[in-house]
*Asks:* 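The structure is given below, and queries will be raised subsequently.
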Amino acid sequence: MTALKKKSETCDEQLRRMCKNIAEDITAGKEDASKWMEDILDIEWITHNDHSYKAARLLVTFGGPNIWVNLQTNTVDGYWGCDEVNYGFVDNIGLNDYLEEIYQPWLYGDGLGK
């Protein structure tokens, strides 16, 4: 009897699967934003000229694939070597509202002190 070998995923296939899963989880809305944010590695704030909140990019993974959740474009953007993947999502867990609520510009060096 011969053993069947399962074909391993390529980097591109892994990246696509990971980005798609993240986009589907956000769209499914089964978890609240504060719980979902617990595993975020970094936040890149996107602001208007007056330093008020506009959107954010959330770093989900880095080092193998780099995956960002972009709340300005509502896409999960993945990068791995030469591969790039983008999956759209609907923010059904309230990430954008949550981030707008916690954004404090004076903590990030704009000196407004509001």
Side-chain angles (χ1 to χ4, degrees):
M1 184 173 218
T2 60
L4 293 176
K5 286 187 177 182
K6 183 178 180 181
K7 181 185 168 198
S8 60
E9 287 181 306
T10 65
C11 291
D12 179 62
E13 291 168 337
Q14 288 177 357
L15 182 61
R16 287 183 185 287
R17 177 182 47 78
M18 294 169 75
C19 290
K20 181 180 178 187
N21 288 344
I22 293 166
E24 288 175 349
D25 288 346
I26 295 169
T27 300
K30 294 181 181 177
E31 193 169 36
D32 73 347
S34 63
K35 177 72 175 157
W36 194 89
M37 289 288 296
E38 288 177 2
D39 295 325
I40 294 303
L41 302 172
D42 194 22
I43 301 172
E44 183 178 273
W45 299 103
I46 302 168
T47 62
H48 295 282
N49 193 38
D50 67 355
H51 302 283
S52 62
Y53 177 82
K54 182 175 184 179
R57 286 188 348 140
L58 309 173
L59 182 61
V60 179
T61 67
F62 76 99
N66 294 337
I67 299 177
W68 292 87
V69 172
N70 187 330
L71 291 160
Q72 185 171 15
T73 59
N74 281 355
T75 56
V76 177
D77 304 322
Y79 309 92
W80 201 345
C82 296
D83 298 323
E84 180 178 338
V85 173
N86 309 96
Y87 274 94
F89 65 86
V90 177
D91 183 9
N92 287 328
I93 61 176
L95 281 172
N96 200 54
D97 292 339
Y98 176 80
L99 288 161
E100 185 171 14
E101 185 177 311
I102 68 166
Y103 176 68
Q104 298 176 6
W106 62 91
L107 292 179
Y108 301 100
D110 75 359
L112 294 177
K114 291 182 184 176

*Asks:* Do Ile93 and Tyr98 land in one hydrophobic cluster if side-chain heavy atoms of ILVMFWY residues count as linked below 4.5 Å?
*Replies:* yes

*Asks:* Given the rule that I, L, V, M, F, W and Y join up when any side-chain heavy atoms are under 4.5 Å apart, are Tyr103 and Leu95 in one cluster?
*Replies:*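 Yes; tracing contacts between hydrophobic side chains, which count when under 4.5 Å, links both residues.
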
*Asks:* Taking all atoms of both residues into account, what is the closest heavy-atom pair of Thr27 and Asn92, and its distance?
*Replies:* O-ND2, 2.5 Å

*Asks:* Out of curiosity, Leu59 CG to Leu41 CG, how far, rounded to the nearest 0.5 Å?
*Replies:*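 The distance works out to 5.0 Å.
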
*Asks:* How far apart are the closest heavy atoms of Ala23 and Gly88, and which atoms are they?
*Replies:*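 Heavy atoms of Ala23 and Gly88 come nearest at CB-O, 3.5 Å.
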
*Asks:* Please name the pair of heavy atoms, one in Leu58 and one in Trp36, separated by the smallest distance, quoted to 0.1 Å.
*Replies:*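 For Leu58 and Trp36, the tightest heavy-atom pair comes out as CD1-CZ3, 3.8 Å.
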
*Asks:* With sequence neighbours excluded, tell me which residues meet salt bridge (Lys or Arg N to Asp or Glu O under 4.0 Å) with Glu9.
*Replies:*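 Glu9 satisfies salt bridge (Lys or Arg N to Asp or Glu O under 4.0 Å) with Arg17 only.
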
*Asks:* Taking all heavy atoms of Ile43 and all of Ile40, pick out the closest pair and write down the distance.
*Replies:* CG1-CG2, 4.3 Å

*Asks:* If every non-hydrogen atom of Met18 is compared with every non-hydrogen atom of Pro65, which pair is closest and at what distance?
*Replies:* CE-CG, 3.8 Å

*Asks:* Hey, could you give me each pair passing salt bridge (charged side-chain N to carboxylate O under 4.0 Å, His left out) that has a residue in residues 57-75? Not counting sequence neighbours.
*Replies:*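 Passing the test, one end in residues 57-75: Glu44-Arg57.
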
*Asks:* Roughly how far, to the nearest 0.5 Å, is the CD1 atom of Ile102 from the OH atom of Tyr53?
*Replies:* 8.5 Å

*Asks:* What pairs with Asn21 under side-chain hydrogen bond (donor to acceptor under 3.5 Å, both in side chains), at least two apart in sequence or on another chain?
*Replies:*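 Scan of Asn21 (side-chain hydrogen bond (donor to acceptor under 3.5 Å, both in side chains), adjacent residues dropped) gives none.
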
*Asks:* I need the Gln104 CD to Glu101 CD distance, nearest 0.5 Å.
*Replies:* 10.0 Å

*Asks:* Quick one: does Asn66's side chain have a donor or acceptor within less than 3.5 Å of a partner on Gly63's backbone?
*Replies:* yes

*Asks:* Can you tell me how far the CD atom of Glu84 sits from the SG atom of Cys19, to the nearest 0.5 Å?
*Replies:*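 Taking CD in Glu84 and SG in Cys19, the distance rounds to 9.5 Å.
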
*Asks:* Stepwise, does the side chain to side chain contact (heavy atoms under 4.5 Å, CB included) test hold for Ile26 with Val90?
*Replies:* CA-CA 7 Å; Ile26 295 169; Val90 177; over 6 Å; no

*Asks:* Checking Thr75 now: which residues fulfil side-chain hydrogen bond (donor to acceptor under 3.5 Å, both in side chains) with it, not counting sequence neighbours?
*Replies:*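 If we apply the side-chain hydrogen bond (donor to acceptor under 3.5 Å, both in side chains) test to Thr75, skipping adjacent residues, the hits are Thr73, Asp77.
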
*Asks:* Let's go through Val76 and Val85 carefully: what are the C-alpha distance in whole Å and the side-chain angles of both, what is the deciding distance for side chain to side chain contact (heavy atoms under 4.5 Å, CB included) to 0.1 Å, and is it a yes or a no?
*Replies:* CA-CA 8 Å; Val76 177; Val85 173; over 6 Å; no

*Asks:* Taking all non-hydrogen atoms of both residues into account, name the closest pair between Leu99 and Trp45 and its distance.
*Replies:* O-CZ3, 3.7 Å

*Asks:* Under the salt bridge (Lys or Arg N to Asp or Glu O under 4.0 Å) rule, collect the residues that match up with Asp12, sequence neighbours excluded.
*Replies:* Arg16

*Asks:* Run the side-chain hydrogen bond (donor to acceptor under 3.5 Å, both in side chains) test against Ser34 and tell me which residues pass, sequence neighbours left out.
*Replies:* Asp32

*Asks:* Take Ile22 and Trp68 through the side chain to side chain contact (heavy atoms under 4.5 Å, CB included) test and state the conclusion after the steps.
*Replies:* CA-CA 10 Å; Ile22 293 166; Trp68 292 87; over 6 Å; no

*Asks:* Please test Phe89 against Asn70 for side chain to side chain contact (heavy atoms under 4.5 Å, CB included), starting from the C-alpha separation and ending with a verdict.
*Replies:* CA-CA 10 Å; Phe89 65 86; Asn70 187 330; 6.0 Å; no

